[in-house]
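The next block holds one structure in the form of structure tokens; read it before the comments.
Below, each value reflects all heavy atoms present in this structure, side chains not excepted, and no hydrogens, waters or symmetry copies. Bear in mind that the values here come from a model prediction, so they are computed numbers and not experimental data.
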Amino acid sequence: MDERSIHLEPGWLALLRDEFEQPYTRQLSAFLRERRRAGRRIFPPGPELFNAFWYTPPERVSVVILGQDPYHGPGQAHGLCFSVRPGVPVPPSLRNIYRERHDDLGIAPADHGSLVAWARRGVLLLNSVLTVEEGKAGAHQGKGWERFTDRVIAILNNGDRGLVFMLWGSYAQKKGAQIDERRHCVLRAPHPSPLSAHRGFLGCRHFSQGNAWLAARGAVPVDWRLPPLAEAERLVAQPASSG
């Protein structure tokens with residue numbers, strides 16, 4: 001991939017620069033170019049592809065939430081798992097996340113689906129696969145993104161701070177199999193999709209459990225509140241280094 005087109009926060013770019021020189025990422029880049037030439041709409045748009053690494057610098061990460069691949073509807077995906085742009089209808093899985101957050105912490109559902117505020121507070125919202133095609137869930141699985149995000153998880157796993165990993169669904173749990181549970185807090189639950197949320201995601205209490213684990217180690221718990229829509233729109237536009 002052309003480094004000039006890679007929109008990563010400098011700390012992440014320093015950690016991941018070598019990955020962009022690997023044969024698999026060059027093949028992935030060629031695949032994406034070919035799909036665009038074929039007229040396929042790819043989500044999220046190019047400038048938002050690495051938003052998870054733009055809003056959450058590595059030194060700020062305290063919680064990692066793993067997703068699978070981006071939303072495949074127009075205007076939804078913007079580079080953060082489970083999140084949508086301000087003003088886009090809240091997807092069903094995110095509605096269940098809001099429901100669990102309310103039951104766990106008493107926080108009312110937001111009037112939008114943007115999780116940028118969480119990302120800026122140290123929650124890395126990482127999809128395993130970073131691109132998708134319109135109307136084709138999983139269209140870019142097996143093309144190289146999984147290797148890239150495995151490298152991200154390895155960097156976090158081997159870091160000098162204990163982190164909270166929230167693994168929702170079997171896909172995320174397999175993806176997180178490499179995490180050292182002696183050093184990190186690994187929380188597992190079914191996926192928040194309406195198809196599986198009632199099997200144990202609802203009632204998992206991951207928000208309070210993760211915060212309790214962080215606090216017990218002297219780290220700052222996550223503020224899981226979200227701002228109103230107008231403030232959410234402003235946060236999207238701020239540089240990553242802003243508070």
Side-chain angles (χ1 to χ4, degrees), residues 40-44 48-49 51-52 63-119 123-143 145-146 149-150 152-153 164-179 181 185-210 222 224 226 232:
R40 305 297 183 184
R41 293 186 69 189
I42 295 176
F43 302 134
E48 298 179 334
L49 179 57
N51 265 355
V63 175
V64 182
I65 297 178
L66 288 180
Q68 188 164 348
D69 57 1
Y71 295 120
H72 55 83
Q76 291 183 303
H78 68 135
L80 306 177
C81 73
F82 295 109
S83 179
V84 292
R85 293 186 184 89
V88 174
V90 178
S93 291
L94 185 51
R95 287 200 297 269
N96 281 330
I97 292 171
Y98 285 170
R99 177 179 171 183
E100 174 57 24
R101 183 187 61 159
H102 174 266
D103 292 347
D104 190 13
L105 301 176
I107 300 172
D111 60 354
H112 59 84
S114 173
L115 304 182
V116 169
W118 290 0
V123 181
L124 184 67
L125 297 163
L126 180 65
N127 275 316
S128 176
V129 176
L130 300 189
T131 55
V132 74
E133 293 179 17
E134 182 176 12
K136 295 179 65 178
H140 291 181
Q141 291 180 12
K143 303 299 181 182
W145 282 127
E146 293 92 343
T149 51
D150 278 348
V152 173
I153 294 171
V164 176
F165 289 83
M166 297 182 180
L167 309 181
W168 298 338
S170 59
Y171 187 94
Q173 289 164 24
K174 291 175 184 176
K175 180 80 171 173
Q178 63 179 287
I179 299 166
E181 297 189 43
C185 175
V186 180
L187 302 174
R188 299 176 177 84
H191 195 276
S193 161
L195 298 175
S196 56
H198 291 277
R199 299 174 190 162
F201 175 78
L202 297 175
C204 70
R205 302 295 189 262
H206 281 186
F207 299 106
S208 61
Q209 288 184 47
V222 174
W224 291 104
L226 290 169

Would you say that [X] contacts [Y] through its side chain, given a criterion of any heavy-atom pair below 4.5 Å between the two side chains?
| X | Y | result |
| --- | --- | --- |
| L167 | Q173 | yes |
| N127 | T149 | no |
| Y171 | D69 | no |
| P92 | P192 | no |
| V90 | V84 | no |
| L187 | R205 | no |
| W224 | V123 | yes |
| C81 | L126 | no |

Do you know which two heavy atoms are closest between [X] and [Y], and how far apart they sit?
| X | Y | value |
| --- | --- | --- |
| G200 | P190 | C-CD, 3.5 Å |
| S83 | L115 | OG-N, 2.9 Å |
| K136 | V132 | O-CG2, 3.2 Å |
| A52 | L124 | O-CD1, 3.3 Å |
| S114 | A232 | CB-CB, 4.4 Å |
| E134 | P74 | OE2-CG, 3.2 Å |

How long is the span from the [atom1] atom in [X] to the [atom2] atom in [Y], to the nearest 0.5 Å?
| X | Y | atom1 | atom2 | answer |
| --- | --- | --- | --- | --- |
| I153 | L66 | CD1 | CG | 4.5 Å |
| N96 | S196 | CG | OG | 8.5 Å |
| S128 | K174 | OG | NZ | 12.0 Å |
| E48 | L80 | CD | CG | 9.0 Å |
| L202 | H102 | CG | NE2 | 13.0 Å |
| L49 | F43 | CG | CZ | 13.5 Å |

Is the backbone of [Y] close enough, under 3.5 Å, to the side chain of [X] for a donor and an acceptor to pair up by distance?
| X | Y | result |
| --- | --- | --- |
| D104 | F207 | yes |
| W168 | G67 | no |
| N51 | H78 | yes |
| Q141 | Q68 | no |

Go through it in stages, so that I can follow the logic: the residues are I97 and F201, the test is side-chain contact (heavy atoms from CB on, under 4.5 Å), and I'd like the CA-CA distance, side-chain angles, deciding distance and then a yes or no.
CA-CA 9 Å; I97 292 171; F201 175 78; 3.9 Å; yes
Do the ring planes of H191 and F82 sit parallel (below 30°), tilted (30 to 60°) or perpendicular (above 60°)?
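Taking F82 first and then H191, their aromatic rings sit tilted (interplane angle of 30° to 60°).
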Establish, yes or no, whether a centroid distance under 6.0 Å links the rings of F165 and H206.
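No.
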Show your reasoning for whether side-chain hydrogen bond (donor to acceptor under 3.5 Å, both in side chains) applies to H72 and E133.
CA-CA 6 Å; H72 55 83; E133 293 179 17; over 6 Å; no
R95/E100 salt bridge by N-O under 4.0 Å criterion:
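No, no charged N to carboxylate O under 4.0 Å.
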Is it true that K175 and E146 have a side-chain N and a carboxylate O under 4.0 angstrom from each other?
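Looking at E146 together with K175, the answer is no, because their closest N to O distance does not fall below 4.0 Å.
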Under a 3.5 Å cutoff, is there a donor and acceptor pairing between the side chains of T131 and K143?
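Side chains of T131 and K143: no pair found under 3.5 Å.
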With side-chain contact (heavy atoms from CB on, under 4.5 Å) as the criterion, how do M166 and V63 come out once you've worked through the C-alpha distance, each side chain's angles and the decisive distance to 0.1 Å?
CA-CA 7 Å; M166 297 182 180; V63 175; 4.1 Å; yes
